[in-house]
There are 2 protein chains.
Amino acid sequence: MDTPAPRRTRIQQEKRELILEAALEVFSTNGFRGSTIDQIAEAAGMSKPNLLYYFRRKEDIHETLMQRLLDTWLAPLRELDDIGDPLTELRSYIRRKLEMARDFPRESRLFANEILQGAPRIMPMLEGELKTLVDEKAAVIKGWMRAGKIAHTDPWHLIFSIWATTQHYADFDVQVRAVLGPNRGGDGRFEDAARFLEQLFIDGLKPKT
Amino acid sequence: MDTPAPRRTRIQQEKRELILEAALEVFSTNGFRGSTIDQIAEAAGMSKPNLLYYFRRKEDIHETLMQRLLDTWLAPLRELDDIGDPLTELRSYIRRKLEMARDFPRESRLFANEILQGAPRIMPMLEGELKTLVDEKAAVIKGWMRAGKIAHTDPWHLIFSIWATTQHYADFDVQVRAVLGPNRGGDGRFEDAARFLEQLFIDGLKPKT
DNA sequence: CTAACGTTTGTCCAACCGGTCAAAAATTTG
DNA sequence: CAAATTTTTGACCGGTTGGACAAACGTTAG
């Protein structure tokens with residue numbers, strides 16, 4: 001076990017949670033080096049030494065945040081299942097990922113920041129756990145292709161393209177809103193995106209006729 | 001004019017270019033706040049005060065880099081033209097964007113960093129120049145749809161999805177390589193990506209039969 | 001009440017960082 | 001050559017940052 005059962009009182013649990021919430025906000029908008037302990041402490045409503053009583057180092061906060069993130073972040077892909085209609089299965093995977101971009105944009109940006117900087121803190125996880133999971137799901141998709149249920153193509157790049165298109169609405173949100181303008185850039189943009197992505201992945205761009 | 005003809009000697013031109021090249025490397029991997037003048041100076045092979053002789057403030061380097069970037073970054077979209085077959089036109093736009101992700105990954109990451117942090121320095125450009133250009137090209141695409149040349153869908157989100165999928169191979173490069181592994185993550189990954197994206201955007205995932 | 005334990009904070013420090021400055025070194029000009 | 005100009009650097013400064021520490025404060029159990 002990596003975690004040697006760190007006994008914590010109820011108040012410690014709560015304060016740690018408060019700090020993590022504040023840190024998510026700060027880290028996701030300023031990056032790791034761009035964020036200061038003072039900023040996080042203020043966002044959490046406590047003094048810097050007090051924060052350092054719960055997390056000894058700035059990096060400990062980031063690490064805890066990252067570990068927790070990765071669990072929930074890959075949940076949608078884990079759910080991708082061999083049972084059920086392949087196209088339906090893919091459609092709901094895309095929808096789930098898009099909902100995560102809408103509901104947890106900070107988590108998405110935190111992850112994007114880490115990858116952009118070369119993933120110095122989570123590289124082993126990418127090459128291990130993540131690669132294993134993706135390979136496994138790629139095999140499932142390959143099965144669907146062999147069964148003639150979906151078109152033959154590269155399953156890995158298919159997964160990449162789903163990640164890219166959905167996370168784009170969290171990571172590049174400011175750009176999306178700026179380009180769409182005040183009218184179309186409102187809350188409806190996620191429904192528009194869902195409609196578009198469904199059509200793109202299922203039908204492509206060829207005209208029906 | 002914004003640039004009041006800043007008279008520069010040949011040696012100044014060269015040194016400034018050297019600094020910008022070094023700064024691109026450093027900024028794109030560490031972000032603006034995560035980069036130090038010392039890092040850039042060392043990468044450029046000169047002392048910090050010497051660097052500050054050519055660019056008075058750290059932000060001036062970043063600004064110059066960003067201005068230069070935006071010109072070349074939108075060139076492929078500018079080339080998207082009403083002449084020629086729509087599907088062919090879109091295919092070559094996708095190919096050009098993917099080639100830029102392959103050949104200029106640092107520029108892509110620099111841009112991604114800026115957007116991730118809320119685009120504090122280029123927001124006016126996004127709402128102005130960029131929005132105008134995208135709206136213009138969206139109109140072109142809408143024309144193709146009305147003419148029955150490509151399927152009806154949302155042109156803006158179509159453009160977003162092309163940006164997202166292609167830039168993914170620059171911004172998330174470490175993740176792509178980690179997941180593909182040593183075999184498939186080599187130089188061939190861009191050809192694989194090109195093949196996949198072409199199929200995705202042109203044909204979708206529905207089986208042929 | 002009081003001793004023990006968990007929590008909070010003011011103060012301090014060393015390292016770092018962006019930027020200045022004057023003086024030295026190199027280069028150009030007459 | 002020598003004067004003028006441009007380029008380079010070492011030393012320095014004020015502000016910030018991550019983190020240490022001991023003292024104060026609060027809470028709970030005996």
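Per chain, numbering begins at 1; letters A, B, ... match sequence-line order. Computed from a predicted structure; not experimentally measured.
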### Query
Got a sec? Which of residues 30-45 of chain A come in under 4.0 Å of DNA chain C, heavy atoms?
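Listed by number, they are A:Arg33.
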### Task
With the side chain of A:Tyr54 defined as its heavy atoms from C-beta on, choose the nearest nucleotide among C:dG10, C:dT8, C:dG19.
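Nearest listed nucleotide: C:dT8.
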### Task
Give the nucleotide from the list C:dG19, D:dG19, C:dT9 with an atom nearest to the side chain of A:Arg57.
D:dG19
Without decimals, in angstroms, what is the distance between [X] [atom1] and [N] [atom2]?
X: B:Leu52; N: D:dG10; atom1: CG; atom2: C1'; value: 14 Å
X: A:Met46; N: C:dG6; atom1: CE; atom2: P; value: 18 Å
X: B:Lys58; N: C:dT20; atom1: NZ; atom2: P; value: 14 Å
X: A:His62; N: D:dG18; atom1: NE2; atom2: P; value: 13 Å
X: B:Ile19; N: D:dT7; atom1: CD1; atom2: C1'; value: 12 Å
X: B:Glu59; N: C:dC17; atom1: CD; atom2: P; value: 18 Å
X: B:Leu18; N: D:dT8; atom1: CG; atom2: P; value: 10 Å
X: B:Phe55; N: D:dT7; atom1: CZ; atom2: P; value: 13 Å

Does [N] have OP1 or OP2 under 4.0 Å away from a side-chain N or O of [X]?
X: B:Gln12; N: D:dT7; answer: yes
X: B:Asn50; N: D:dT7; answer: no
X: A:Tyr53; N: C:dT7; answer: yes
X: B:Lys15; N: D:dT6; answer: no

### Query
Taking only residues two or more places apart in sequence or in another chain, which ones pass side chain to side chain donor-acceptor pair (under 3.5 Å) with B:Lys97?
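B:Lys97 satisfies side chain to side chain donor-acceptor pair (under 3.5 Å) with no residue once adjacent residues are dropped.
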### Query
Is there a donor-acceptor pair closer than 3.5 Å between any side-chain N or O of A:Arg16 and the backbone N or O of A:Tyr54?
yes
### B:Gln167 side-chain N/O to B:Ser108 backbone N/O, donor-acceptor pair under 3.5 Å
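Looks like no, no N/O pair under 3.5 Å.
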### Query
So, does the side chain of A:Lys48 form a donor-acceptor pair with the base of D:dG19 at under 3.5 Å?
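Such a pair exists between side chain and base.
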### 5'-most by nearest nucleotide on DNA chain C - B:Pro49 or A:Leu51
A:Leu51
### Message
How long is the straight-line distance from NZ of A:Lys131 back to CG of B:Leu180, given to the nearest 0.5 Å?
### Response
7.5 Å
### Query
Do we get A:Arg189 above B:Phe160's six-membered ring, with its NZ or CZ under 6.0 Å from the centre and within 45° of the axis?
no
### Query
Can you find a heavy atom in the side chain of B:Trp144 that is under 4.5 Å from one in the side chain of B:Glu89?
yes
### Query
What orientation do B:His62 and B:Phe27 show, parallel under 30°, tilted 30 to 60°, or perpendicular over 60°?
perpendicular
